[in-house]
Student: 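Quick one: structure below, then a few questions.
Throughout, a chain's letter reflects where its sequence line sits, starting with A, and its residues are numbered from 1.
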Protein chains: 2
Amino acid sequence: MTPTPDRGPDRGPDRGLDRRLDQAAELCRARGQSLTPLRRRVLEIVLEADRPLGAYDVLEILAEERGRVAPPTVYRSLDFLLDQGLVHKVLSVNGFVACSDTARPHAAELFICRHCGNAVEVARKAADPRLEETAAGLDFAIESVVLEVRGRCADCRADA
Amino acid sequence: MTPTPDRGPDRGPDRGLDRRLDQAAELCRARGQSLTPLRRRVLEIVLEADRPLGAYDVLEILAEERGRVAPPTVYRSLDFLLDQGLVHKVLSVNGFVACSDTARPHAAELFICRHCGNAVEVARKAADPRLEETAAGLDFAIESVVLEVRGRCADCRADA
DNA sequence: TATGACATGTTATAAAGTATCGAGAATGAC
DNA sequence: GTCATTCTCGATACTTTATAACATGTCATA
Ligand SMILES: [Zn+2]
Ligand SMILES: [Zn+2]
Ligand SMILES: [Zn+2]
Ligand SMILES: [Zn+2]
């Protein structure tokens, strides 16, 4: 017999999916925004994935559920989720990942495995002082920072 | 009367263009590769630009010179230059910039102005120790790092 | 002169992202 | 209620970015 799935927060088959979705909805509401069914479903799709999903990956999943879906439908939802800090864009792979800490918007620091495609977000403790220095030297006003680390994750190193 | 242009290395109207192209050619040759006329011209185009150029920007310039040019022609040259560390790809803008220090290949650290599009490359002295730590903690083997800083450059701050 | 390696040309297509218009639902003022 | 405003979403068409697949040219050397 299979053991009872762990039902603690963020564990079990859905990794606390509903809780995270509800949290997201609350976050939006507090900002006077609305996590509509479509946006909620898109977020859910991204949360369920174990790797960054392309907009057209999301589109395909949506299309299975509701018939023909056009790109703007997906991009609008993803843009909304980006604005709300609920997902991050992964430039290296033209994909989107769910943010792992939505309490307040931040720039993501992502470790992306070239082998399995998995992407892990690490909270950035503080601004990189060296970056700040360089910016100051250039008289450059930082607005955002893209930091993506590519390589091989623990699992894939083990497999090799 | 206009003052005599400064003719020191990397100064003057062409910023040492020919010298940089010759250096690049030598670099390739030393590696058993060849900076063909096409590749050299593509590098020149990127060097001449004062901002990241898209592949299709390059294509357009080439097409003016030699008639119809197809995308693979440009992408192949750019890929070659990327491999040789002569240009960097700027993910934030789907563009390419010439590397400012081609002595040996490295990851670029780019400061990109959202206003004028200018991109400045800053040599990364050493690996970010915090990044190394995090990677070690994740048992993640870093292969490359994308670091792009977006904001407003000194010139544009002054203008505002 | 073959033969192989490499660079380039050519055609077609895939993948990613956007502009624009319009219908319908939700919100709030009156 | 109903009117105007705003937001959301569907739908059509399109632009931009990138690659696959195959053919041709070029050059060195066996
Ligand atoms: Zn995050
Ligand atoms: Zn992996
Ligand atoms: Zn460089
Ligand atoms: Zn600027």
Student: Holding to ring pair (Phe, Tyr, Trp, His ring centres under 6.0 Å), I want the full list of residues that pass it with A:Phe140, two or more places apart in sequence or in another chain.
Tutor: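 For A:Phe140 the ring pair (Phe, Tyr, Trp, His ring centres under 6.0 Å) partners, ignoring immediate neighbours, are B:Phe111.
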Student: Return the residues of residues 60-85 of chain A meeting this criterion: a heavy atom under 4.0 Å from some atom of DNA chain D. Order them by number, or give none.
Tutor: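 The stretch gives A:Arg66, A:Arg68, A:Ala70, A:Pro72, A:Thr73, A:Arg76 as the residues lying under 4.0 Å from the strand, ordered by number.
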Student: Please list, by residue number, the residues of residues 25-38 of chain B whose heavy atoms come closer than 4.0 Å to an atom of DNA chain C; answer none if no residue qualifies.
Tutor: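 Contacts with DNA chain C under 4.0 Å: B:Thr36, B:Leu38.
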Student: Partners of A:Ser92 by side chain to side chain donor-acceptor pair (under 3.5 Å), sequence neighbours excluded?
Tutor: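 A:Ser92: side chain to side chain donor-acceptor pair (under 3.5 Å) contacts with A:Glu148.
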Student: Could you list all the ring-ring contact (aromatic ring centres under 6.0 Å, His included) pairs where at least one residue sits in residues 35-70 of chain B, not counting sequence neighbours?
Tutor: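 For residues 35-70 of chain B: none.
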Student: Expressed as a whole number of angstroms, how long is the span from B:Arg39:CZ to C:dA7:P?
Tutor: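 Checked: the CZ to P distance equals 4 Å.
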Student: Give the rounded distance in Å between these two atoms: CG of A:Asp57 and C1' of C:dG17.
Tutor: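 Atom-to-atom, A:Asp57 to C:dG17, this comes out as 14 Å.
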Student: Is B:Asn94 close enough to D:dA18 that one of its side-chain N or O atoms is under 4.0 Å from OP1 or OP2 there?
Tutor: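 Checking D:dA18 against B:Asn94, a side-chain N or O does come within under 4.0 Å of OP1 or OP2.
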Student: If you measure from the Lys or Arg side-chain nitrogens to the Asp or Glu carboxylate oxygens, is any gap between B:Arg152 and B:Asp159 under 4.0 Å?
Tutor: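 Salt bridge flag = no for B:Asp159 with B:Arg152.
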Student: What pairs with A:His115 under ring pair (Phe, Tyr, Trp, His ring centres under 6.0 Å), at least two apart in sequence or on another chain?
Tutor: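 Counting only residues at least two positions away or on another chain, A:His115 forms no ring pair (Phe, Tyr, Trp, His ring centres under 6.0 Å).
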Student: Using whole Å, what does the distance between atom P of nucleotide D:dA18 and atom OH of A:Tyr56 come to?
Tutor: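 After rounding, the gap between these two atoms is 15 Å.
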Student: List for me each residue that meets side chain to side chain donor-acceptor pair (under 3.5 Å) alongside A:Arg31, sequence neighbours excluded, and say none if there are none.
Tutor: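 Testing A:Arg31 for side chain to side chain donor-acceptor pair (under 3.5 Å), a comparison that skips the adjacent residues, returns A:Gln84.
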Student: Would you list the pairs meeting ring-ring contact (aromatic ring centres under 6.0 Å, His included) in which at least one residue belongs to residues 59-103 of chain A, sequence neighbours left out?
Tutor: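 Non-adjacent pairs meeting ring-ring contact (aromatic ring centres under 6.0 Å, His included): A:His88-A:His106.
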Student: My understanding is that only residues two or more places apart in sequence, or in another chain, count here; which of them pass salt bridge (charged side-chain N to carboxylate O under 4.0 Å, His left out) with B:Asp101?
Tutor: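 Partners of B:Asp101 under the salt bridge (charged side-chain N to carboxylate O under 4.0 Å, His left out) test: none.
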Student: Under 4.0 Å between a side-chain N or O of A:Lys89 and OP1 or OP2 of C:dA16?
Tutor: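 Answer no for this pair, as no side-chain N or O of A:Lys89 is under 4.0 Å from OP1 or OP2.
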